[in-house]
Amino acid sequence: MRDLHLPLNQTQRVRLEAALHELQTLAPAAASAAAVTVADTIPVNHEDNILKGHGTTDQDGEVVATLCGVVERVNKLVYVRTLRARYKPEVGDIIVGRVIEIAPKRWRLEINFSQDAVLMLSSMNLPDGIQRRRTAVDELNMRSIFEENDVVCAEVRGFQHDGSLHLQARSQKYGKLKRGQLLTVPPYLVKRRKQHFHHLEQYDVDLILGCNGFIWVGEHVVVNEITTFNEDQEKLSAEVETFTPMETRKHICRLANAARVLSALGFTLTIELIIQTAEASLSSNVKINDMLGAEFYVQTAETEAKRRADLLGRKKGGAR
Amino acid sequence: MSAAAAASGTYTPAAEAGGKRREKREELRRHLAEDADWPRADGRSIHDCRPAFMQTGPTTAASGSAYAEFGKTKVIVSVFGPRESKKAMLYSDTGRLNCSVSYTTFATGIRGQGLENKEYSGMLHKALEGAVMLHTFPKTTVDVFALVLESGGSDLPIIISCASLALADAGIMMYDLVTSVSVSCLGKNVIIDPTSDEEAWQDGGLMVSYMPTRREITQLTLTGEWSDGKITNAVELCMDACGKLCEILRERLKDTAVLESE
């Protein structure tokens, strides 16, 4: 929200403010009440012995916040969910990262965590698809798998005792990402879901919502479970001839811009919402480059406010 | 004749150019000599602080940032990290806090004059390290970069307050917000939140960095000439001002939290 600096005209400003106000009134009142800043006491019932989670500390028997954010309570656990902090990985998260360094037997990836993540050569499937011990030759050929600055998709495997993060890429769906765009959004906008890989057939586009706030929009690649190395080489030369078609490129840009607009407005990024926004831009004949203009922002905010109002109305209707 | 004079473009500077500033200084000096209570140059009384304007998020590329404007003093602080330590890849249980204070070349009236405040970086580090929970991010560094856009007196206290706001904005775990206020001793008076002119004329200066909720002082700097009784009063005055400044910081943070939690 804060990064929004739009050249709005008078009517657009009024409309945006109205939409945002609408959203604020729709938001549950508890959300704003639970906001804490550093050193605020968090009211707890001391009789049921609570567990102090992330972002809290003990001071003279009181639970005190050490972060700015929203207080979350899960049974006995009390913790503070920050809104602007860096990504905090959990085991099993699907993330998108960028290779920054090749070290012996491992790649270092930048994933918006406080430390660089480590992808071991042994915890990823080799291109030939055969399960075997990694040899010194494999180690020398690491650069042929991922190079520096490649964008890679992987899964969080676990933490080392010193807090550093290990990744794994044990399936064909993980690995190098090419022919597309990488977007970075605040990590709290991506919620953990069952599905983070999305193949949008109507656009021939792959969309990966990384839990770390890195979002990949790229051309759809057909996943072959068994590919031999030689085939890969052949494919490479074939790929040079078959460029990404113009139509797909446009779809990629449109979806990426939809995600940009939504993240700038501070809406949670779900696949449905991204598609809806992209469709809305298509149906109202907004050009791809105009999607980042003021008018489309206002339009998106209004649509979302309306959608949430409808949702709330239906819920209330159902309750009755 | 007159037309020719106009065409040649000659002009005479006003004889009293710069006189106004000199007059103000002269007035301050006179007051000091008389040892009397006097109105300050900007119309405050001796125990009035300048109005504080603070805002989070001016730098979008940083993890957290804050802007502060107290009268003429304008400061911008950006916080990066926690990120992997590049300098020392050695293992350390605690994180590192890396502080740097710099002045723009146009920060002071005379170009490039403010650049000698080298010790400010170290002092900023000392003021903040007690508040930041360094053990929560092992092996990593948090970088705090402060830039003084305009120096109008009490620079360091404002940098410290602004930096703690930026750290909170970046979501870095802290025990409490640190706010800082300085006072100057001029003659028999103790004046709060001094401007550059007043700082130039001070007999002694005192700066207190304080965590109001915890009631802990993270840093105290005393310079110049002070008499016993005045120090106690001055420290208490600073602590009270810090508490009030902290309220402003909290309000700012709460506003952003509510805005973003929708």
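Letters A, B, ... are given to chains in the order of the sequence lines, protein chains preceding strands, and every chain is numbered from 1.
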Exercise for the section: Would you give the length of the straight line joining atom CG of B/Asp169 to atom OG1 of A/Thr37, rounded to the nearest 0.5 angstrom? Expected result: 12.0 Å
Exercise for the section: With a 4.5 angstrom heavy-atom cut-off, could you sort out which part of B/Ile172 is near chain A: side chain, backbone, both or neither? Expected result: backbone
Fill in the blank from the handout: Rounded to the nearest 0.5 angstrom, the CZ-CZ distance for B/Arg83 and A/Arg86 is 7.5 Å
Fill in the blank from the handout: Minimal heavy-atom distance between B/Ala168 and A/Val38, with the atoms involved, is CB-CG2, 4.0 Å
Handout entry: Test item: A/Gln115 side-chain N/O and B/Pro138 main-chain N/O as donor-acceptor pair under 3.5 Å
Key = yes
Handout entry: Shortest non-hydrogen contact from A/Ala39 toward B/Asp176
Key = CB-OD1, 2.9 Å
Problem - Neighbour count >12 (heavy atoms, 6.0 Å) for atom NZ, B/Lys230 - result: yes
Problem - Interatomic spacing from OG1 in B/Thr213 to CD in A/Glu62 - rounded to 0.5 Å - result: 11.5 Å
Exercise for the section: Verify the neighbour count for atom CD of A/Glu148: are there more than 12 heavy atoms of other residues, nucleotides or ligands below 6.0 Å? Expected result: yes
Exercise for the section: Count the heavy atoms of every other residue, nucleotide or ligand shown that sit under 6.0 Å from NE2 of B/His47, and state whether that count exceeds 12. Expected result: yes
Completion exercise
Closest heavy-atom pair, A/Asp40 versus B/Lys254, reported as atoms and distance to 0.1 Å, is OD2-NZ, 3.1 Å
Completion exercise
The reported gap from CZ in B/Arg252 to SG in A/Cys68 (rounded to nearest 0.5 angstrom) is 13.0 Å
Problem - B/Arg250 (side chain) donor-acceptor with A/Val36 (main chain) under 3.5 angstrom - result: no
Handout entry: Residue B/Met174 versus chain A: region with a heavy atom under 4.5 Å
Key = both
Handout entry: Non-hydrogen atoms of B/Gly171 and A/Leu67 that approach each other most closely
Key = O-CD2, 3.2 Å
Exercise for the section: Verify the neighbour count for atom CZ of A/Arg193: are there more than 12 heavy atoms of other residues, nucleotides or ligands below 6.0 Å? Expected result: no
Practice task
Test side-chain contact (heavy atoms from CB on, under 4.5 Å) on A/Thr57 and B/Met173 and set out the steps.
Solution key: CA-CA 10 Å; A/Thr57 187; B/Met173 287 215 214; over 6 Å; no
